[in-house]
Trainee: 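Take a look at the following structure, please.
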Amino acid sequence: MRVASRSIGQEGGFSLLEVLVALIVVTIGLLGLAALQGRSLQTNHSAYLRTQATNLAYQMLDTWRANRGSLIGNNNLPADLDTWKTMVGQMLPSGSLTVTRNTDQLTVEIGWLDARWAEAASEQTTKFTVTSRI
């Protein structure tokens, strides 16, 4: 039986070039994964802010509907509007609150700066608007 032998120049295994290519592919994959994680965090924070705005708007309307006796026959805006404006300003980045009244309807518009859209325009405001009868 004859055993095949290799010469020194024909050894098997990975070459340095193959290892370098594999390292580059893994590095690109990890950078992509890191970018995906960063975008995911940014999107989750944006969803959190939208949820806060939605909850605040509906809490306002529910409170005003519960006290609608003070609003009916009175064309003024709700008396505790400054308190709600302060709360919106504290809970949302650059938060703003606008309430308009049209006879028996209140429209609540909450705006805030969303970091997700900061790349497009530095001062772009995201808004949530809801209208309800009182």
Side-chain angles (χ1 to χ4, degrees):
M1 184 163 186
R2 191 169 175 195
V3 177
S5 65
R6 294 185 178 187
S7 65
I8 294 176
Q10 295 178 339
E11 285 190 27
F14 293 107
S15 70
L16 194 55
L17 184 59
E18 289 171 326
V19 171
L20 184 60
V21 169
L23 187 61
I24 290 172
V25 169
V26 169
T27 302
I28 291 171
L30 289 175
L31 287 173
L33 187 62
L36 182 65
Q37 180 70 19
R39 179 62 87 182
S40 174
L41 288 172
Q42 195 174 36
T43 304
N44 283 343
H45 185 68
S46 178
Y48 169 77
L49 293 177
R50 183 170 294 281
T51 301
Q52 293 292 57
T54 303
N55 288 340
L56 282 169
Y58 283 106
Q59 281 178 343
M60 283 181 237
L61 289 172
D62 287 344
T63 301
W64 294 332
R65 267 192 235 109
N67 296 326
R68 85 179 168 175
S70 65
L71 295 174
I72 293 178
N74 181 358
N75 285 331
N76 295 330
L77 292 173
D80 57 350
L81 192 58
D82 288 335
T83 304
W84 286 106
K85 283 184 180 182
T86 303
M87 198 180 313
V88 168
Q90 291 172 348
M91 294 182 77
L92 299 169
S94 299
S96 64
L97 172 65
T98 306
V99 178
T100 55
R101 182 168 179 182
N102 184 8
T103 59
D104 65 343
Q105 288 187 342
L106 283 175
T107 300
V108 175
E109 181 178 273
I110 297 177
W112 68 97
L113 289 180
D114 193 342
R116 186 171 60 153
W117 306 112
E119 298 130 13
S122 61
E123 294 298 321
Q124 186 169 359
T125 303
T126 302
K127 293 186 180 189
F128 176 77
T129 306
V130 64
T131 301
S132 178
R133 294 181 72 143
I134 53 170

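As the structure is a prediction and not an experimental result, all values here were calculated from the model. We use all heavy atoms of the structure for the numbers below, so side chains are in, but hydrogens, waters and symmetry mates are not.
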Trainee: Got a second to check how far Glu18's CD is from Leu16's CG, nearest 0.5 Å?
Mentor: 10.0 Å
Trainee: First locate atom CG of Leu36, then atom CG of Leu31, and finally report the distance between them rounded to the nearest 0.5 Å.
Mentor: 12.5 Å
Trainee: I'd like to check Met60 versus Leu106 (side-chain heavy atoms, cut-off strictly below 4.5 Å). Are they in contact?
Mentor: no
Trainee: Roughly how far, to the nearest 0.5 Å, is OG1 of Thr126 from CD1 of Ile110?
Mentor: 12.5 Å
Trainee: Nearest heavy-atom pair of Ser132 and Arg65: which atoms, and what distance?
Mentor: OG-NH2, 2.8 Å
Trainee: Walk me through it: do Trp64 and Asp80 pass the test side-chain contact (heavy atoms from CB on, under 4.5 Å)?
Mentor: CA-CA 9 Å; Trp64 294 332; Asp80 57 350; 2.8 Å; yes
Trainee: Listed by chain and number, what are the salt bridge (charged side-chain N to carboxylate O under 4.0 Å, His left out) partners of Lys85, not counting sequence neighbours?
Mentor: none
Trainee: Between the main-chain N or O of Asn102 and the side-chain N or O of Gln105, is there a donor-acceptor pair closer than 3.5 Å?
Mentor: no
Trainee: List the steps and the verdict of side-chain contact (heavy atoms from CB on, under 4.5 Å) for Leu30 and Val26.
Mentor: CA-CA 6 Å; Leu30 289 175; Val26 169; 4.1 Å; yes
Trainee: Determine the minimum heavy-atom distance between Ala57 and Val130, stating which atoms define it.
Mentor: CB-CG1, 3.8 Å
Trainee: Can you name the closest pair of heavy atoms from Leu49 and Pro93 and give their distance?
Mentor: CD2-CD, 3.7 Å
Trainee: Test side-chain contact (heavy atoms from CB on, under 4.5 Å) on Leu97 and Leu81; report intermediate values, then the result.
Mentor: CA-CA 9 Å; Leu97 172 65; Leu81 192 58; 4.0 Å; yes
Trainee: Is any side-chain heavy atom of Ser94 closer than 4.5 Å to a side-chain heavy atom of Thr125?
Mentor: no
Trainee: Evaluate the side-chain contact (heavy atoms from CB on, under 4.5 Å) criterion for residues His45 and Gln42: first the C-alpha distance (whole Å), next the side-chain angles of each, then the deciding distance (0.1 Å), finally the verdict.
Mentor: CA-CA 5 Å; His45 185 68; Gln42 195 174 36; 5.9 Å; no
Trainee: Would you compute the distance between atom CZ of Phe128 and atom CG of Leu92 and round it to the nearest 0.5 angstrom?
Mentor: 11.5 Å
Trainee: Establish whether Ile28 and Leu20 are linked, either directly or via other cluster members, by ILVMFWY side-chain heavy-atom contacts under 4.5 Å.
Mentor: yes
Trainee: Quick one: pull up CG in Leu56 and CD in Gln90 and give me the separation to the nearest 0.5 Å.
Mentor: 10.5 Å
Trainee: Under a 3.5 Å distance rule, please check whether Arg101 uses its side chain to pair with a backbone N or O of Thr103 as donor and acceptor.
Mentor: yes
Trainee: Looking at CE of Met91 and CH2 of Trp112, how far apart are the two atoms once the value is rounded to the nearest 0.5 Å?
Mentor: 12.0 Å
Trainee: Which residues pass the side-chain hydrogen bond (donor to acceptor under 3.5 Å, both in side chains) test with Asp104, sequence neighbours left out?
Mentor: Arg133
Trainee: Would you say Trp84 and Val108 make side-chain contact, with heavy atoms under 4.5 Å?
Mentor: no
